[in-house]
Amino acid sequence: MVVFLMDGQCAPARVVRHSTAARRLRLEVPDLRWNAFLGRRLERTFATWPGVVDVSAEPRTGRLLVRYAPQAPLLARLRQEPDTQTAQGPTPRKAGPVQHARRGQQEPWHAMTVDAVLARLDGTEQGLTTEEAARRLKRFGPNVMQEEAPRSRLAMMGSQLATVPTMLLLGSAGASVLAGDGLEATAILTVVGLNAGIGYRIERRNQELLASWQKLEAGAAQVLRGGVLLTVPAAELVPGDVVLLRAGDVLPADMRVLEAHRLCADEAPLTGESEPQPKQAAPVDARAPLAERTPLLFAGTAVASGRGRALVVATGADTEMARVRELVAQESAPSTPLTRKMGQLDRRVAAASVGAATLSALAGLAHGRSGPQVLRGAVALGVAALPEGLPLVATAALLRAMQRLHARGMVVRRVVAAEALGGVTIICADKTGTLTRNEMRLEVLDLGEGPLELSSLRPRPQAVLEDPPTLALALGLLNSDVDIHHRGTTLEVSGSSTEKALVAAAHAAGLDGAALRRAFPRRHLRERSEAIHYVLSVHHAPGDGTVAFIKGAPEQVLAICERDSKGPLDAQQRKRLARRNDALAADGLRVLALAWRRLDGDAGPAPTEGYTFIGFVGLRDPLREGAAESVRQARGAGIRTVVLTGDQPRTAEAVARQVGLEGDTLTPHELAELLELSGEALSDGLARTAVLARVTPEDKRKLVKALRAQGAIVAMAGDGINDAPALRAADVGVAVGVRSSDMARAVADVVMASEDLRSIMSAVGEGRIVQDNLRRALRFLFATNLSEMTLVLGASLLGLREPLSPLQLLWINLLTDTLPGIALALEPGDPAILDRPPAPPGMPLLTRPAVRRVARDGALMAGVGALGMALGGPPLAFGTLTAVQLGYSAVCRAPREARRHIPTDGEWRIYTFVGGATALHVAALTLPPLRRVLRLPAPTPLTFGGLAAGLLLPALVGATPAWGAQVVRRARRVTDTTSSLETPS
């Protein structure tokens with residue numbers, strides 16, 4: 001431990017490394033960590049010591065590197081030398097850029113004055129020098145964030161091999177090698193490689209598709225360096241840089257406002273606020289929430305209007321965006337329901353396989369079989385129990401759903417997410433940019449007597465001040481601070497969404513904005529402030545007059561009005577206007593009041609009384625096309641929708657009503673209180689929740705996790721940075737729209753090109769088709785494999801000869817598990833699949849009734865194989881068992897009633913696939929090369945008779961229950977009719 005003095009106080013330092021040969025000393029100074037100010041002082045102090053060649057402080061690590069000359073009395077001076085040359089005042093507390101959550105307390109830059117922020121970062125309003133910027137870049141690193149690295153090819157291949165069935169198959173291959181059968185081992189390894197290769201190719205293709213969706217954003221900023229304006233790459237920004245801002249700039253770092261002129265920032269990607277937030281240089285309370293920190297600008301947001309200057313306070317991994325990324329990193333994507341259910345099936349199949357092999361080995365030893373024979377029998381049972389075609393069947397079903405979704409403009413990142421969509425019970429949808437367009441529009445113009453029909457307005461530009469409707473539209477245009485450009489015949493307006501909507505409405509009504517601005521040139525503009533929620537503009541008017549226009553909060557504007565267009569305002573008329581304002585606001589509109597007055601010449605600033613009320617304008621962020629329909633469709637499909645928004649509760653409730661939602665609206669405080677409950681109280685509270693307002697990214701994540709903890713399958717739909725943690729925490733994350741943020745795309749399971757939320761319901765329908773088809777395919781696979789295992793194990797227990805060799809069982813599995821199984825997995829979906837509720841989240845892929853059917857059907861098919869064994873030995877058992885399994889695929893199809901309205905384009909598939917499998921089986925029975933590999937004799941008429949019987953028998957047996965059910969229904973109808981006739985009147 002080394003101790004030295006700084007401003008009369010002991011500062012401990014630990015010697016981390018001291019190389020006397022290289023004359024390098026590295027010290028760890030706890031107070032240096034994230035204190036760039038202290039780092040500079042230490043560098044200046046050490047540079048004055050005798051023998052010191054170079055010194056470098058690293059505030060991020062809290063370490064100091066000192067290089068010194070030979071025979072320098074470094075250690076002695078370090079213990080004794082006080083810091084007399086920089087004793088200029090108390091050392092400021094730990095400073096640095098806005099710190100990552102894991103790096104301690106965040107600096108309250110928003111609560112500090114401009115001078116305090118400049119002093120803390122040792123900066124000036126003229127910016128850093130080029131040399132100082134270079135030094136800081138070296139210390140703090142480039143202004144970039146580490147992206148989540150894509151999975152390597154080796155990791156993707158490893159995940160395909162690291163499954164229970166694959167491990168068991170590899171074990172069977174090893175046992176075959178020990179038994180001296182290299183051909184069987186080669187065949188088993190070929191099957192393993194085929195499955196792994198297909199899975200790897202699909203995952204690799206998805207990764208490439210995702211990469212093609214990534215956006216490339218230019219990174220540059222206008223920065224003052226030593227008083228000179230330079231264009232600097234965003235990656236080279238450092239804390240202390242002064243950046244010039246203008247409308248349209250995307251902010252590359254977190255900044256503290258130094259100077260603001262009508263400066264507003266669109267923070268919807270980070271906070272969810274649909275309206276751009278005004279920014280100011282004055283500090284606010286340290287406890288202000290993120291959305292109310294008006295002196296701060298955040299990386300990833302954009303300047304909506306105005307201009308200004310700001311000081312960079314955080315870059316790279318220390319920005320608020322990075323804090324959101326940390327929330328994402330803390331939340332690992334949950335396993336999908338299919339993954340969990342398939343894992344359960346894998347474990348049960350593995351247990352059955354190992355158990356059957358053990359039982360076969362014990363029976364073989366009891367019957368006096370040799371070691372190789374016992375091992376061969378165990379391998380045969382292992383192959384018989386494992387459905388080798390299951391990975392291909394599941395992949396085929398999921399891949400088909402992915403392809404159909406991709407054709408509709410959706411990329412599925414995780415293959416299993418296609419199935420998880422089918423089980424969704426709750427959709428959490430971000431409001432701003434997802435349910436709504438994040439584009440304000442003028443919807444209501446009310447001059448105090450009720451809304452006017454906007455489409456029928458005929459403005460009178462020659463009498464602006466005499467015609468109230470024209471005056472209202474012109475005031476909205478002239479009082480707005482926007483930039484207007486013409487690109488060909490298209491009018492481009494940049495500014496806040498509210499003012500853009502007012503300007504657009506005036507132009508749409510037929511007013512010429514350029515002519516109005518020439519006729520009413522603006523002389524003065526007073527912006528909103530902390531206590532004044534209206535904008536006042538003063539203009540020269542035609543005829544050497546002067547007028548003042550006001551637009552803003554209705555309660556404040558009405559308070560400075562003395563009259564309206566009809567005369568003085570009395571108390572009753574004010575109440576009437578207040579009620580009208582409340583009615584518009586209750587409809588979810590953003591309401592502004594308009595007023596004006598004439599001024600006397602150039603006599604000082606505009607007064608704050610004596611104005612004439614013109615009317616109200618109501619603006620709305622319109623719903624996206626199909627938003628309400630998608631919510632209704634979800635309700636019809638048994639799926640509940642919850643809206644998440646950073647807006648005020650009243651606005652959120654209005655949007656919820658528009659889309660047809662009913663339920664409670666919660667704030668984060670109310671959500672926190674709800675999550676403290678347990679049992680039925682928590683379940684009931686979450687079940688009643690329809691809207692969560694004023695949310696932060698953490699609040700969204702908490703709600704999603706709480707819903708999942710209640711057993712719900714949750715899909716999260718969003719497009720912003722603030723949605724990313726919830727997208728990762730949900731069972732299925734959906735990034736909505738081509739303009740969704742890169743972070744949302746990176747963590748989502750499904751990325752949509754369009755903003756039409758009805759696509760989500762289409763994806764849910766595809767997921768349900770996958771679930772239905774997988775259940776049918778699983779019934780087929782497990783019943784056929786059970787028949788093989790029953791036949792082989794039964795022969796082993798009875799001490800009979802081996803009915804089927806491992807290679808023959810592998811052939812049967814590859815033939816019957818793949819082509820017919822894939823055909824069942826690709827069955828067309830029911831058009832009415834969204835008219836039913838989702839399957840319960842805990843429902844297994846094979847329910848108890850399905851397991852009973854599997855056991856029954858497997859036993860019946862094993863009986864057919866045993867009959868073939870009795871009549872013609874193993875060759876006939878091989879031919880008959882394979883044929884009966886192929887015929888069984890017709891039994892596992894959807895019921896005929898469900899297929900009645902299915903398009904015929906998919907009906908051919910099962911006949912083609914089963915016909916192809918039958919042809920391959922006939923080839924195995926007849927072609928000499930295949931017969932030699934499978935060790936089969938030449939076919940006999942009995943072989944073909946068994947083949948035909950095996951193909952037809954399942955269809956006859958499968959028709960029996962349906963025929964019996966019809967008989968029972970008819971008998972019941974006759975009985976009911978007879979009973980009604982015999983009943984006395």
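This is a predicted model, so every value here is computed, not measured. Scope of the values below: all heavy atoms of this structure, side chains included, with no hydrogens, waters or symmetry mates.
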Taking all non-hydrogen atoms of both residues into account, name the closest pair between Leu511 and Pro459 and its distance.
CD2-CB, 3.7 Å

Lys/Arg N to Asp/Glu carboxylate O, Glu449 vs Lys566, below 4.0 Å:
yes

Check: Thr436 side chain, Lys431 main-chain N or O, donor-acceptor pair, under 3.5 Å:
yes

Gap between atom CG of Leu619 and atom CG of Leu589 - 0.5 Å precision:
8.0 Å

Taking every non-hydrogen atom, the tightest pair across Asn479 and Lys551:
OD1-NZ, 2.7 Å

To the nearest 0.5 Å, tell me how far Asp430 CG sits from Leu727 CG.
9.0 Å

Looking only at atom types and distance, does a side-chain atom of Gln556 sit under 3.5 Å from a main-chain N or O of Ala553, one as donor and one as acceptor?
no

If you apply the rule side chain to side chain contact (heavy atoms under 4.5 Å, CB included), what do you find for Asp564 with Leu447, and how did you get there?
CA-CA 9 Å; Asp564 63 7; Leu447 301 183; over 6 Å; no

Hey, are the side chains of Met440 and Lys500 touching, using non-hydrogen atoms and a 4.5 Å cut-off?
no

Calculate, to the nearest 0.5 Å, the distance between atoms CD and CZ belonging to Glu259 and Arg307 respectively.
7.0 Å

Evaluate the side-chain hydrogen bond (donor to acceptor under 3.5 Å, both in side chains) criterion for residues Thr294 and Gln280: first the C-alpha distance (whole Å), next the side-chain angles of each, then the deciding distance (0.1 Å), finally the verdict.
CA-CA 6 Å; Thr294 53; Gln280 61 182 22; 3.2 Å; yes

So that I can tick it off, tell me whether Asp285 and Arg287 are bridged by a salt bridge, with the cut-off set at under 4.0 angstrom between side-chain N and carboxylate O.
yes

What distance separates Thr319 OG1 from Asp254 CG, expressed to the nearest 0.5 Å?
5.0 Å

Please report the interatomic distance CG(Leu245) to CZ(Arg309), rounded to the nearest 0.5 Å.
10.0 Å

From the options Asp621, Thr645, Val643, select the one residue that forms a side chain to side chain contact (heavy atoms under 4.5 Å, CB included) with Leu435.
Val643

If the threshold is 4.0 Å, N to carboxylate O, is there a salt bridge linking Arg620 and Asp587?
yes

All heavy atoms of Thr608 vs all of Ile560, minimum pair found to be O-CG2, 3.2 Å

Side chains of Leu454 and Leu445: closer than 4.5 Å at any heavy-atom pair?
yes

Check for me whether the distance between the ring centres of Phe549 and His539 falls short of 6.0 Å.
yes

Between Gly663 and Ala690, the two heavy atoms sitting closest are CA-CB, 3.7 Å

N-O pairing of Glu629 and Arg632 below 4.0 Å
no

Beyond-backbone contact of Lys702 with Leu707, side-chain heavy atoms, under 4.5 angstrom
no

With side chain to side chain contact (heavy atoms under 4.5 Å, CB included) as the test, would you mind laying out the steps for Val734 and Met752 before giving the verdict?
CA-CA 7 Å; Val734 183; Met752 294 171 47; 3.5 Å; yes

Could you give all pairs that pass the side-chain hydrogen bond (donor to acceptor under 3.5 Å, both in side chains) test and reach residues 459-474, with sequence neighbours left out?
Asp467-Thr470

Is there a side-chain contact between Val617 and Val591 (heavy atoms, below 4.5 Å)?
no

May I ask you to check whether Arg598 and Thr546 show a side-chain donor-acceptor distance below 3.5 Å?
no

Would you mind reporting whether Cys428 and Lys700 have side-chain heavy atoms less than 4.5 Å apart?
no

Output, in order, the C-alpha distance, side-chain angles, deciding distance and verdict of side-chain hydrogen bond (donor to acceptor under 3.5 Å, both in side chains) for Thr641 and Arg635.
CA-CA 8 Å; Thr641 304; Arg635 187 185 301 112; over 6 Å; no

Where do Val691 and Ala656 come nearest, in terms of heavy atoms and distance?
CG2-CB, 3.5 Å

Stepwise side chain to side chain contact (heavy atoms under 4.5 Å, CB included) check, Ile550 with Val535
CA-CA 6 Å; Ile550 281 181; Val535 178; over 6 Å; no

Are the side chains of Val655 and Leu623 in touch, meaning some heavy atoms are under 4.5 Å apart?
yes

Heavy-atom closest contact (Gly448 atom, Leu577 atom, distance)
CA-CD2, 3.9 Å

What I'd like to find out is whether the side chain of Val538 reaches to under 4.5 Å of the side chain of Leu599, using heavy atoms alone.
yes

Apply the test side chain to side chain contact (heavy atoms under 4.5 Å, CB included) to residues Val557 and Phe616: give CA-CA distance (whole Å), side-chain angles for both, the deciding distance (0.1 Å), then the verdict.
CA-CA 10 Å; Val557 173; Phe616 299 112; over 6 Å; no

Does the Arg256 side chain pair with the main chain of Ala310, one donor and one acceptor, at a distance under 3.5 Å?
no

Could you tell me if the side chain of Leu465 sits less than 4.5 Å from the side chain of Phe520, heavy atoms only?
yes

As an exercise, state the distance from CG of Leu703 to CG of Leu671, rounded to the nearest 0.5 Å.
6.0 Å

Go through Glu267 and Arg293 one step at a time and tell me if the salt bridge (Lys or Arg N to Asp or Glu O under 4.0 Å) criterion holds.
CA-CA 11 Å; Glu267 297 179 346; Arg293 296 179 184 177; over 6 Å; no

